[in-house]
Trainee: 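Here's a structure for you.
None of these values were measured; they are calculated from a predicted model.
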Amino acid sequence: MLVDIPELQFKPAFEYRGRFERRLEPDFTASASDDRSVFEQRYRAGFDVSDGKTLSGSFRYQYSHEWFFRPSGNNSHDSSDLFLGYLELKRKEGAYSLGRQTISKGDRRLFDVSNFSQRS
């Protein structure tokens, strides 16, 4: 007995986000020098997979890095995580999803994790 194994199609995905922010005396107190500059970067790389019929999925790895520049000293922070990693199988009785995914209701996420954040 032979089993038909569908051909999988892969689509690469890459996203970069960078932002520089400068704050000059945010509390308008000259006695405390609280100027600060921040450079934030986020990279997401991964792929989408599908057999064109019943199986699909998405996988995204995220790396973020932040540099802080202050009069009191400089610092940096980085983090990495699996942002998306799920498979979906469609059957006659419904669709089944397994893995880490965004859950949406209407045009908003049900469990909101801002997509504008640098960290996962």
Trainee: Going by side-chain hydrogen bond (donor to acceptor under 3.5 Å, both in side chains), name the residues that satisfy it together with S37, two or more places apart in sequence or in a different chain.
Mentor: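 So S37 forms a side-chain hydrogen bond (donor to acceptor under 3.5 Å, both in side chains) with R22.
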Trainee: So which heavy atom on R70 is nearest to which on N74, and how close?
Mentor: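 Where R70 meets N74 most closely, the heavy atoms are N-OD1, 3.5 Å.
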Trainee: Does any part of the side chain of S80, heavy atoms only, come nearer than 4.5 Å to the side chain of Y61, both counted from C-beta?
Mentor: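 Y61 vs S80: side chains touch.
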Trainee: To the nearest 0.5 angstrom, please state how far the OG atom of S76 sits from the CZ atom of F69.
Mentor: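 S76 atom OG to F69 atom CZ measures 8.5 Å (nearest 0.5 Å).
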Trainee: Measure the spacing between CD of Q62 and OG of S79 and express it to the nearest 0.5 Å.
Mentor: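 So the gap between those two atoms works out to 7.0 Å.
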Trainee: Which value, rounded to the nearest 0.5 Å, describes the distance between E66 atom CD and Q41 atom CD?
Mentor: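 One gets 10.5 Å once the value is rounded to the nearest 0.5 Å.
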Trainee: Please report the shortest heavy-atom distance between D51 and K53, naming the atom on each side.
Mentor: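 Closest approach of D51 to K53: OD1-N, 2.8 Å.
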Trainee: Could you pull out all residues at least two apart from S58 that satisfy side-chain hydrogen bond (donor to acceptor under 3.5 Å, both in side chains)?
Mentor: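 side-chain hydrogen bond (donor to acceptor under 3.5 Å, both in side chains) list for S58, sorted by chain: D48, R60.
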Trainee: Could you label the plane-to-plane angle of the H65 and Y63 rings as parallel, tilted or perpendicular, counting under 30° as parallel and over 60° as perpendicular?
Mentor: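 If you compare the ring of H65 with that of Y63, the planes turn out parallel.
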Trainee: Check ring-ring contact (aromatic ring centres under 6.0 Å, His included) between Y43 and all other residues, then give those that pass, not counting sequence neighbours.
Mentor: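 Y43: ring-ring contact (aromatic ring centres under 6.0 Å, His included) contacts with Y16.
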Trainee: Under the ring-ring contact (aromatic ring centres under 6.0 Å, His included) test, which residues partner F20, sequence neighbours left out?
Mentor: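 ring-ring contact (aromatic ring centres under 6.0 Å, His included) check on F20 returns nothing, list empty.
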Trainee: Minimum heavy-atom separation for L84 and L82, please, with both atom names.
Mentor: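 Scanning both residues completely, I find the closest heavy atoms to be O-CD1, 3.1 Å.
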Trainee: Side chain of D81, backbone of F83: donor and acceptor closer than 3.5 Å?
Mentor: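 Checked: no pair found.
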Trainee: By ring-ring contact (aromatic ring centres under 6.0 Å, His included), which residues pair with F47, not counting sequence neighbours?
Mentor: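 Listed in chain order: F10, F59.
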Trainee: Is R42 paired with E15 through a side-chain N to carboxylate O contact shorter than 4.0 Å?
Mentor: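 A salt bridge links E15 with R42.
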Trainee: Taking the side chain as every heavy atom from C-beta outward, state whether L55 and V49 have any atom pair closer than 4.5 Å.
Mentor: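 Not in contact.
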Trainee: Check the pair R36, F68 against side-chain contact (heavy atoms from CB on, under 4.5 Å), reporting the backbone distance first and the verdict last.
Mentor: CA-CA 7 Å; R36 114 184 166 146; F68 296 92; 4.0 Å; yes
Trainee: What distance separates E40 CD from H77 NE2, expressed to the nearest 0.5 Å?
Mentor: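 Going from CD on E40 over to NE2 on H77, the span is 11.5 Å.
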Trainee: Could you give all pairs that pass the salt bridge (charged side-chain N to carboxylate O under 4.0 Å, His left out) test and reach residues 87-96, with sequence neighbours left out?
Mentor: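 Of all non-adjacent pairs touching residues 87-96, none passes salt bridge (charged side-chain N to carboxylate O under 4.0 Å, His left out).
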Trainee: Between L87 and L98, is there a side-chain heavy-atom distance shorter than 4.5 Å?
Mentor: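 A side-chain contact is absent here, since even the closest heavy-atom pair is not under 4.5 Å.
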